[in-house]
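Lettering of chains follows the sequences in order, A, B, ..., and the numbering in each one begins at 1. The structure displayed is predicted, hence computed values, not measured ones.
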Amino acid sequence: VRTGTPRNALLAPQRLRTATEDERAAVQGRALSGVAVAVGAPLALLAWLAVPGYGPTSLLPRLLGVIATALLVATAKVVVLRRRHETSGSATADPALEGIEGWLPHWPGVAGVSAASWWAARVGGAGLLATFGLRSLSDLAPGWAGASSQAALAAGTVAFLAVTCGLARPEHLLRLALAALSLTGLVVTGSGLAALLGGSLGGPAFVPGPVLPPASGSGPALTSSATAVVLLCLALVSISALAPARVALRRRLTRYLYFGFTVLSAASWAVGVPALLLGSGLFLPGLSAARLTSSGHLGASLSVLLSPLAGSQAHSWASGLLAVACLAGSLGTLAGGTALAEAVLGTARQVAARPSPRTTPRHLADVPPATAGRPSGRAPAPALAALVAATGCWAGAVAMLGPRAWLVVALGSLATGALALTALAPRGSRSFPGAAANSRPRRGRDRGDPSPRRAAIGLLWALTVTVAVGRAGPWALVTAGAAALAGSIALGWRREDKPEGWRLRHLGIPWGTAATALVAMSAVMTLEMLPFFDSSSRSSVWRGLAVVVTAAGIAAMTVFPATSRLWVEQLNEAASALVGKALPALVAALDAAANGELSRSPAAEISALERATRPLERALLAYQGADEMSQLTEALVEASHQAQRLANGVEALARLDNLRLQELVEERTAALTNANRHLIDSHWRRRQLLDLTVRAAEGERTRIAANLHDGPIQRLAALGLILDRSQIRLGRDDKEGVESLVGQARQGLSEEIQSLRRMMSELRPPVLDEGGLVAALRDYLSAWAAATGVEARFDSSPYAELGPNTETVIYRVVQEALANIAKHARASLVTVALGPAGKGIHVVVRDNGLGFDPCPQPDLLRAGHFGLAVMRERVELAAGQLDVLSAPGTGTEVSFWLPALAVGEPAELAGAGALR
Amino acid sequence: VSGAVPPAKLARLVVVDDDEEVAEQLAGLFSDVGYVVTGIAHAARQGIDMVEQTMPDAIVMDVRMEGMSGTEAAQVLRREHPEVPVILLSAYDDEGIVQAAEQAQVAAYLVKGCSAGELLTTVSTVVGQRRGHQGKSLSLGRRATRAQR
């Protein structure tokens, strides 16, 4: 599959901008093309008309002239294309010209031939139709007709067939047919006007055909003017179909022009056709039975059919019906013509708007983007229905009126109808060059290139029509057309195996047309071979049957395009959503992602695409044929899925966008900062505590030293002095003095011993070892109460045996708490309580003092509250937990919990403690 | 020990020690051997005041005291009353403290726990030196005025 997706779009977004350049180039190319046609076609026509007479001798020079003109125009175009190719270096966007451009490097060899054949196809088609026009003119103006008109017709047919099937590529058929139709209109208009002018200037008067008797009273002037109006309308249609400049017009202006043109044409037709009918004698009140039997074949048939219903008025009814049908058919043809022109122009626009034919998958490029101006083939459904109706009505009118002069109009109508049918098919299913190679083989079998099939069908159709017209006359044409329509409908209808009922599906135009052509040909042959074909009564039956078939075909034809068009519209919508919105959004998102910006999300466009694709998925579920519609639908659905998957990827990418990453980083950073602060705090705290511990130890030593200095040493020094003095007094026999001194010494010694004991007890309360924690605390508390004058209560419930270290910690912490209370609290009552809690002990020291505002540990240290900090540290080092509950004015509660067994204490110790 | 060093006649002493008992015993000892203890102080500042009031022949002072230390008081006395010798009596015999005492140009430094004889000999010597020195001073006629006063 050629998926020339711009892989480097992410890196080089400017690559996408070349679309406008391509568009400009394409518009220029189409303008040139239009100019070439406008110049070349009249030249070819001139070459055709310049040769006098009709016959094998005059045909050859005419054809040569046409070919020469074609070559001339083709050469000019190729030169222009080549120059454009050289200057812009960009590919032409017109797929119809791709072939030519592809051959450019080898010009003027094969490229020249190719271009010439292409142009020959156009001009040849024009020549063919010019032949038809001349042929019809021979009916209108017998003076112009020659013996060689039949030969010209045959030659033109051959040229048409050759051009259609041999030289032209399939995609040129549409353009060829359109151009031919348009040129026909131009030729007929020109010829008619020439005849008209000739008549009014005194030349041979304009004489209607043999079966178009001059209207009584109205005169040739009316007929002539009516004809002129009709021809003018045809010319307008033709011009509109050919006008390349419309592409360049602004959309709104185009719409106004389109509207105005349509109104003008409709008005012309509305006036002209009745006038024509009047001129041809089909004036309803003046209709005579003789005229009906002689010329009004269809009217007669209709009146026969209607007689059971309308009785004697049957003929009037039939005439009225025919008149209405003619009017509707005229309008329909007009609408169809303009719709066709619009479709072609829309195609051109889409081609112009296509970003780049070389970088976009073919089946996507063929789908019109939403922004490509008027969508292709967007002729309103009623207009198309009217067009289809017109095909039959016009053909019927022609058949009724009989003269071969109108063959060309009938053929034109049929061609218009067929082309309209083709235009109904989605553009993507039309095979452009290389499309077959690009289309994915389905279900393991390659369906091949439909173009040869299409060409064969076209050939068959053209052959059938030619044979039918040539051998069986207008009736065969009508029958063939009606049968073709019926066959198309029969083959085109698809039954959907859903309980919802019948649904009309895509008309398989190629197969339908082929089958119809076969049926029509058989019908023609049968009619010819039947012995009772000439029998008037039976022929009336046959004709009635033909009318019924035609009517049924018309009725059906008004229905089927709707469903087909619905599908086409769904396809169009999905394709627009994909190509016009989703893919650009995706590309933009990816481009943004490439620039590191991931916030761009194509979600809205993708959901719109999903919505647009859903009906297609349902359609595929319901019916999946091997036709082009199904193929295109499947391709589009898959492309849509791929786009959705891509969008999901982009979304997933966006989910990890910068913001989120930043949040994550911020989160982590905050956590890290927190941890770091914690670490620093804890480090600072440890340092502070170490400092504190060292200082405390030093302070303790200093205190002990000071105590030793102030206590024992002074006492002992004093004792020494007493002893010295006693010795002096003994020498003086001062017995009393000695006794007094000895008494003093004895007292001093006692005091000193007591003092030393107290000191020792403070260093390590012996009661803690001997009497246990409770006794030690009780002793200390009573001593503290006595010293401070604060009432102290002690409360203790039985608790598990504690390790000695734990007891020491409790004792010291309570000591510290009491010291704090004595220093700061100004309390009148202190309670110390011990009790079991979990696998440990809970201690509470509560006072009713001033209280304070407790702060976290590090702040305690910073604030210099070493007492509390040391307490907490002591408890936490012993794997416990300390809480301080306080507020100014409410007293303070220091409570802490310690495990029964302090950290590092072997269990035996606790056991030993328990034994004590 | 007793009477090993006879005290100088009518020598006057001020005793300074923050430990009351030690101060009392010191004063008792000096009194016992014939000195006149003109004042017992328990702080350095108080001792200096007493020196100014009584102009003793020497001051016996503890080193480690609350507030001003003996060494500091010795420096003050050295500046304001250089004629009054300072005998420091301390519980420490650390080299640093001894050096500080020397810098304060004290007359003697004794460690508590020394014998009474040692103490009395030192006091006697210091007082004797002071008396001799004062004599010279008197001859110079300068200190005499103060002494008479």
Side-chain angles (χ1 to χ4, degrees), chain A residues 694-695 697-760 762-763 787 823, chain B residues 1-7 13 15-35 37 40 42-43 60-67 69-71 87-94 96-97 109-124:
Chain A
V694 170
R695 227 188 299 166
E698 203 52 45
E700 190 72 2
R701 283 203 192 95
T702 309
R703 193 175 63 81
I704 293 169
N707 283 350
L708 285 173
H709 173 268
D710 294 342
I713 287 179
Q714 303 300 334
R715 295 287 81 67
L716 289 175
L719 277 172
L721 287 171
I722 289 171
L723 288 176
D724 285 341
R725 284 178 68 192
S726 305
Q727 202 175 2
I728 290 167
R729 286 185 187 183
L730 272 175
R732 291 178 191 163
D733 287 333
D734 180 2
K735 196 181 173 184
E736 282 176 14
V738 170
E739 275 176 5
S740 140
L741 283 173
V742 167
Q744 281 180 32
R746 178 64 244 167
Q747 194 190 342
L749 262 179
S750 299
E751 282 174 5
E752 188 50 32
I753 284 166
Q754 214 170 353
S755 161
L756 280 172
R757 188 180 293 131
R758 197 163 52 240
M759 201 187 285
M760 184 180 69
E762 269 177 22
L763 285 175
K823 234 185 273 178
Chain B
V1 178
S2 58
V5 181
L13 295 174
V15 174
V16 183
D17 199 314
D18 59 343
D19 191 290
E20 290 177 21
E21 199 191 343
V22 170
E24 192 187 323
Q25 294 302 334
L26 276 175
L29 176 66
F30 291 136
S31 303
D32 285 350
V33 295
Y35 287 100
V37 176
I40 300 173
H42 301 301
V60 177
M61 188 158 57
D62 190 10
V63 172
R64 191 185 176 282
M65 285 181 294
E66 200 74 28
S69 75
T71 317
I87 298 165
L88 288 180
L89 187 64
S90 170
Y92 303 100
D93 62 348
D94 299 67
I97 294 175
Y109 185 92
L110 290 170
V111 177
K112 279 183 182 174
C114 62
S115 66
E118 215 174 334
L119 174 65
L120 290 175
T121 306
T122 304
V123 171
S124 167

**Prompt:** How long is the gap from CG on B:Asp32 to CG on A:Leu721, to the nearest 0.5 Å?
**Reply:** 11.0 Å

**Message:** Looking at A:Glu739, I'd like to know if its CD atom is crowded, meaning that more than 12 non-hydrogen atoms belonging to other residues, nucleotides or ligands lie closer than 6.0 Å.
**Reply:** yes

**Prompt:** What distance do B:Ser115 atom OG and A:Gln727 atom CD have between them, rounded to the nearest 0.5 Å?
**Reply:** 9.0 Å

**Qualifying residues under side chain to side chain contact (heavy atoms under 4.5 Å, CB included), relative to A:Ala745, sequence neighbours excluded** = A:Leu719, A:Ile722

**Message:** Quick check: closest heavy atoms across A:Gln714 and B:Val22, and the distance to 0.1 Å?
**Reply:** O-CG2, 3.2 Å

**Item:** side chain to side chain contact (heavy atoms under 4.5 Å, CB included) involving A:Leu756 - partner list, sequence neighbours excluded
**Value:** A:Pro712, A:Glu752

**Asked** Heavy-atom distance under 4.5 Å to chain A: side chain of B:Leu89, backbone, both or neither?
**Response** neither

**Prompt:** Looking at CD1 of A:Ile728 and CG of B:Leu29, how far apart are the two atoms once the value is rounded to the nearest 0.5 Å?
**Reply:** 4.5 Å

**Asked** Given a strict heavy-atom distance threshold of 4.5 Å, which part of A:Leu723 is in contact with chain B: side chain, backbone, both, or neither?
**Response** neither

**Message:** Show, in sequence, the C-alpha distance, side-chain angles and deciding distance for B:Gln25 and A:Leu741, and conclude whether the side chain to side chain contact (heavy atoms under 4.5 Å, CB included) test is met.
**Reply:** CA-CA 9 Å; B:Gln25 294 302 334; A:Leu741 283 173; 3.8 Å; yes

**Asked** Should the heavy atoms of other residues, nucleotides or ligands under 6.0 Å from CZ of A:Arg732 be counted, would the total exceed 12?
**Response** yes

**Request:** Ignoring hydrogens and angles, state whether a donor on the side chain of A:Gln744 or B:Glu21 is under 3.5 Å from an acceptor on the partner side chain.
**Result:** no

**Fill in**
Comparing B:Lys112, B:Glu24, B:Arg64 against chain A, the one with the most heavy-atom pairs below 4.5 Å turns out to be B:Arg64

**Asked** So which heavy atom on A:Ile713 is nearest to which on B:Ala91, and how close?
**Response** CG2-CB, 3.4 Å

